[in-house]
2 protein chains.
Amino acid sequence: MRPMSEPTYFILASLLDGPLHGYAIIKRAGELSGGRVRLAVGTLYGALDRLAGNGLIAVDREEIVDGRPRRYFTITDDGADAVTQEAKRMAQAARIVVRRQPGMVTS
Amino acid sequence: MRPMSEPTYFILASLLDGPLHGYAIIKRAGELSGGRVRLAVGTLYGALDRLAGNGLIAVDREEIVDGRPRRYFTITDDGADAVTQEAKRMAQAARIVVRRQPGMVTS
DNA sequence: CAGCATATATCGAGTGCCGAAGTATGCGCC
DNA sequence: GGCGCATACTTCGGCACTCGATATATGCTG
């Protein structure tokens, strides 16, 4: 498995709490990252197609609200495994550098 | 600052111990990651040019060993700051997912 | 009614990674 | 001596992904 990009990672992480539709994912990713991550729409919808193709997410249901379509996505078991793997990978990579900063406050 | 790719991150991390030449960076990155990261040569030399252009690394010295040139690179203060920043970013991102995995052993 | 938030789709440009091929040298082995 | 291998760097083309812009459509608010 090759590393996952930040947008991809946050899309999957956003779905861990339950199904969301595209725009809601953008907001959730913003919240989870403390406002740091702002998914571009072009990134999001491209990534959603790709992730669905890979089986990491799946369409949960489609609704029409106020005449506007809403597609809800769920994370699959494979997707949940992938984010967890990725989280471990990042944590370990971070340790390599952080470890040699003695006196760092771990907040 | 936008997130850093894994190859870029490991190149900078490799140089935290002192100057290294290209091929040695590949080996060091492999060691640091426990054999997981294998920098492709095309990735490496492209990234070295880019990072030098960004001022995150600099050419330390050039040697000729057995008629073969060797270019040693050092990490700059900006580079060290950037990896450290990136390590924090990854650690925080990892926490978002790992936190909801109760029962995880933090080694 | 103008402007903004919601919601999705699509496209083109740019960035960066990767594998492959090329150049060059020294060393060990048969 | 010549073959293959490890070292060391360069360059190139393809591919994946991100991003911003543009488009479309609706409802709410001033």
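A note on names: the letters A, B, ... follow the listed sequences, proteins ahead of strands, and every chain is numbered from 1.
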I need the [atom1]-[atom2] distance between [X] and [N], as an integer number of Å.
X: B/Leu51; N: C/dT15; atom1: CG; atom2: P; result: 15 Å
X: A/Met4; N: D/dT18; atom1: CE; atom2: P; result: 11 Å
X: A/Ile26; N: C/dT6; atom1: CD1; atom2: P; result: 10 Å
X: B/Glu6; N: D/dA16; atom1: CD; atom2: P; result: 19 Å
X: B/Leu39; N: D/dA8; atom1: CG; atom2: P; result: 15 Å
X: B/Leu48; N: D/dC9; atom1: CG; atom2: P; result: 9 Å
X: B/Leu20; N: D/dC9; atom1: CG; atom2: P; result: 11 Å
X: A/Leu44; N: D/dT22; atom1: CG; atom2: P; result: 20 Å

**Study point:** Annotated protein contacts, base or backbone, on nucleotides 24-30 of chain D with a non-hydrogen cut-off under 4.0 Å, one of B, S, - each
**Key:** --BS---
Is any side-chain nitrogen or oxygen of [X] closer than 4.0 Å to OP1 or OP2 of [N]?
X: B/Arg50; N: C/dT15; result: no
X: A/Thr8; N: D/dT18; result: yes
X: A/Arg38; N: D/dC19; result: no
X: A/Ser5; N: D/dC17; result: no
X: A/Arg2; N: C/dC18; result: no
X: B/Lys27; N: D/dT7; result: yes
X: B/Tyr45; N: D/dT10; result: no

Practice item. Could you tell me whether A/Arg38 atom CZ has more than 12 heavy atoms of other residues or ligands within 6.0 Å of it? Key: no
Check your understanding: Toward the 5' end of DNA chain C, which comes first, A/Gly46 or B/Ala40, by nearest nucleotide?
Key -> A/Gly46
Review point. Pick the nucleotide of DNA chain C nearest each of B/Val41 and A/Pro69; which residue has the one closer to the 5' end?
Key: A/Pro69
Check your understanding: If you look at every strand shown and take non-hydrogen atoms under 4.0 Å, does A/Val65 touch a base, only sugar-phosphate, or nothing?
Key -> nothing
Review point. So what does B/Gly22 hit on the nucleic acid, given a heavy-atom distance under 4.0 Å: a base, only sugar-phosphate, or nothing?
Key: sugar-phosphate
**Study point:** Carboxylate-amine/guanidinium contact B/Arg89 A/Glu6, below 4.0 Å
**Key:** yes
Check your understanding: Salt bridge between A/Asp60 and A/Arg71, side-chain N to carboxylate O under 4.0 Å?
Key -> no
Point to revise | Nearest to side-chain heavy atoms of B/Arg70, which nucleotide of C/dA7, D/dT7, D/dT18 | key: D/dT7
So [Y] and [X], do their side chains get closer than 4.5 Å, heavy atoms only?
X: B/Arg70; Y: B/Arg61; answer: no
X: A/Phe10; Y: B/Ile96; answer: yes
X: B/Met90; Y: B/Arg95; answer: no
X: A/Phe73; Y: A/Leu15; answer: yes

Review point. Is there a path of hydrophobic side-chain contacts, each under 4.5 Å between heavy atoms of I, L, V, M, F, W or Y residues, that connects A/Tyr45 with A/Leu51?
Key: yes
